[in-house]
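Just below is one structure, and these are the notes that go with it.
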2 protein chains.
Amino acid sequence: MNEKKGVCICEGCEFRDVVFSHLDDNSIQDLCNHKEEQSLSKGEVINHEGEKISNFKYLKSGLVKLYRRTPSGDEQIITITRPFEFVSNMSIFSEERYQYSVSALEDSVVCMVKLEFIKELFLKNGGFAMGLLSKISVINDKIIGQTLDIRQKNLVGRVAYVLLYFTREIYNSRVFDLPVSRKEIADYIGMSTANVIRTLSDFKREGIIRVFGKTIEVADIEKLENISRHG
Amino acid sequence: MNEKKGVCICEGCEFRDVVFSHLDDNSIQDLCNHKEEQSLSKGEVINHEGEKISNFKYLKSGLVKLYRRTPSGDEQIITITRPFEFVSNMSIFSEERYQYSVSALEDSVVCMVKLEFIKELFLKNGGFAMGLLSKISVINDKIIGQTLDIRQKNLVGRVAYVLLYFTREIYNSRVFDLPVSRKEIADYIGMSTANVIRTLSDFKREGIIRVFGKTIEVADIEKLENISRHG
DNA sequence: GGTTATTATTGATATTGATCAGTCAGGACG
DNA sequence: CGTCCTGACTGATCAATATCAATAATAACC
């Protein structure tokens with residue numbers, strides 16, 4: 001978990017456009033001086049459920065999962081998301097502590113700024129505040145929508161749904177390396193690991209997907225969409 | 001659907017403390033002059049999924065359900081909530097149109113202000129912006145948490161969970177009139193109506209609840225908690 | 001490069017929940 | 001007061017999914 005401080009290359013940061021477009025160059029420079037970057041390897045945890053929130057964080061590169069632990073000790077994955085979709089946890093302004101954990105599914109870089117600093121900015125600058133609120137709302141809506149989508153489908157529909165999610169939202173490619181284990185897919189869609197595997201095997205047998213180790217190719221995306229829609 | 005305009009009794013409004021505590025008396029008066037109240041009878045719809053968002057709305061009194069329609073035409077209830085917990089839809093600042101529908105489960109009063117007006121206030125007044133963001137975050141976290149809680153339980157656990165939800169969060173009483181049909185409970189917890197009814201009958205048989213028509217009394221709340229926790 | 005530990009896979013079986021069909025009870029209304 | 005209609009309820013059966021157990025395939029590690 002390697003940390004760099006103050007290295008300011010914000011000019012090229014994609015996130016700038018999303019939330020920070022309301023800041024002038026001075027404010028951005030100021031922000032840069034307050035930011036820290038953190039490189040994380042696959043598997044490392046970014047936030048722990050229950051930990052005190054002290055930084056505003058966003059994902060600069062990589063891929064993360066947002067999850068919590070159920071009373072029975074299982075992991076429940078809330079969402080999987082890539083850069084700029086993920087702004088800290090949702091609740092940074094309303095809660096003292098993280099509601100959920102976040103960890104890296106691929107090597108990732110997280111950018112962080114002291115929460116106090118962001119709060120001041122938020123209070124001073126209405127445009128920034130509005131941009132941030134919009135961003136957080138969109139993320140929340142996405143999570144809620146996803147959860148409801150999944151809830152309303154059956155096993156095969158859910159598996160098809162995640163495959164399409166990786167294809168479209170995460171990798172934007174019909175061929176990709178699965179960044180999660182079968183068990184993690186199961187934790188995400190709320191089904192048993194054995195049945196996730198079985199369903200993937202079925203898809204393989206029917207020629208809907210091809211599997212080479214961790215690499216998956218979606219061969220028949222229309223069929224997958226149909227299954228996801230009607231499942 | 002009866003509308004009153006400009007009647008300003010904001011001094012007594014509980015919502016004021018929640019979000020509007022950052023406004024001075026003038027701003028509040030100004031806000032009052034821009035607000036409209038709407039009385040709705042049980043069953044009436046407050047927002048339609050897909051409709052254009054033009055007002056900031058909050059629930060002054062009553063009880064509402066937030067729901068959407070699945071592709072197959074079933075209703076999927078996202079949450080059931082009482083006054084001050086519900087601030088318009090989440091996405092008022094990020095989306096053009098409502099993502100979900102909202103309708104009244106009991107006679108309700110909704111207070112509304114033109115969205116433009118709230119946006120201006122948001123831009124001008126950082127404290128107000130922060131208050132609003134916090135409120136929206138809390139609501140979102142609650143919805144996400146609830147949905148995850150439900151997802152992770154089995155049939156009996158889910159039914160126990162909603163009964164406890166009504167007891168604790170909605171009515172704060174072990175005796176209450178169910179504001180929803182059995183089918184709505186089913187749409188809420190994602191199970192079939194028949195099985196919801198069966199489970200309620202089981203609870204009745206085991207002496208965990210008593211049922212007099214629409215009225216429910218939770219007789220053994222510890223047992224219900226156990227079922228909810230382990231179910 | 002062999003050994004060990006995980007993770008993936010599959011089949012058999014047990015549970016859980018959905019569906020279907022039918023009855024019942026209560027309210028709305030002529 | 002009867003009839004219609006809707007929501008509540010129940011039993012029987014069927015379908016979906018979980019669980020358990022036993023290998024196979026991979027990855028991790030000395």
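Order of the sequence lines fixes the chain letters, A, B, ..., with proteins taken first and strands second; residue numbering starts at 1 for each chain.
- Bounding nucleotides for the chain A contact on DNA chain D, 5' to 3', at a heavy-atom distance below 4.0 Å, are D:dT17 to D:dT19.
- The distance between atom CD of A:Q152 and atom C1' of C:dA18, rounded to the nearest whole Å, is 16 Å.
- Relative orientation of the B:F176 and B:F166 rings is tilted, given thresholds of 30° and 60° on the angle between their planes.
- For B:D107 (side chain) and B:K42 (main-chain N/O), a donor-acceptor pair under 3.5 Å exists by modelled atom type.
- Using a 4.0 Å cutoff on non-hydrogen atoms, the parts of residues 185-192 of chain B near DNA chain C are B:M191, B:S192, ordered by number.
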### Task
Kindly determine whether B:D149 and A:R68 satisfy salt bridge (charged side-chain N to carboxylate O under 4.0 Å, His left out), including the steps that lead there.
CA-CA 11 Å; B:D149 283 349; A:R68 66 174 200 174; 2.8 Å; yes

One pair to check against salt bridge (charged side-chain N to carboxylate O under 4.0 Å, His left out): B:E49 and B:R69. What are the steps and the verdict? CA-CA 8 Å; B:E49 190 177 341; B:R69 211 153 283 281; over 6 Å; no

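- For A:K214 and C:dT6, the NZ to P distance is 16 Å, given to the nearest whole Å.
- If you check every strand for non-hydrogen atoms under 4.0 Å, B:T193 touches nothing.
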Assess whether side-chain hydrogen bond (donor to acceptor under 3.5 Å, both in side chains) is satisfied between B:N47 and B:S101, documenting all intermediate values. CA-CA 5 Å; B:N47 300 323; B:S101 301; over 6 Å; no

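- In summary, the side chains of A:Y188 and A:Q146 do present a donor paired with an acceptor at a separation below 3.5 Å, with no hydrogens or angles considered.
- Across all strands, A:L155 comes closer than 4.0 Å only to sugar-phosphate atoms, never to a base (heavy-atom distances).
- Each of A:G213 and A:N195 was matched to the nucleotide of DNA chain D holding its nearest heavy atom; the match closer to the 5' end belongs to A:N195.
- Applying side-chain contact (heavy atoms from CB on, under 4.5 Å) to A:V64 and the options A:I80, A:T79, A:I46 leaves one that passes, A:I46.
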Walk me through whether B:E75 and B:K65 qualify under salt bridge (charged side-chain N to carboxylate O under 4.0 Å, His left out).
CA-CA 11 Å; B:E75 203 170 88; B:K65 68 174 174 183; 2.8 Å; yes

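- Considering CZ of A:F56 and CD1 of A:I118, their distance stands at 5.0 Å, rounded to 0.5 Å.
- Counting distance only, with no hydrogens placed and no angle test, the side-chain atoms of A:R198 and the base atoms of C:dG11 include a donor-acceptor pair under 3.5 Å.
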Start with the C-alpha gap between B:D202 and B:R198, add the side-chain angles, then the distance that decides, and say whether salt bridge (charged side-chain N to carboxylate O under 4.0 Å, His left out) holds. CA-CA 6 Å; B:D202 290 348; B:R198 239 184 288 273; over 6 Å; no

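- Rounded to a whole Å, the NZ atom of A:K183 is 14 Å from the C1' atom of C:dA8.
- Axis angle between the ends of the helix from C:dG1-D:dC30 to C:dG30-D:dC1, five pairs each and rounded to 10 degrees, works out to 50°.
- Side chain of A:R182, nearest nucleotide from C:dA8, C:dA18, C:dT10: C:dA8.
- Remark: P of C:dG26 and CG of B:L178 are 17 Å apart, rounded to the nearest angstrom.
- With hydrogens and angles disregarded, a donor-acceptor distance shorter than 3.5 Å links the side chain of B:R158 to the backbone of B:I150.
- Between B:D74 atom CG and C:dA18 atom C1' the separation is 13 Å, expressed in whole Å.
- As rounded to whole Å, 18 Å separates atom C1' of C:dA25 from atom CZ of B:F212.
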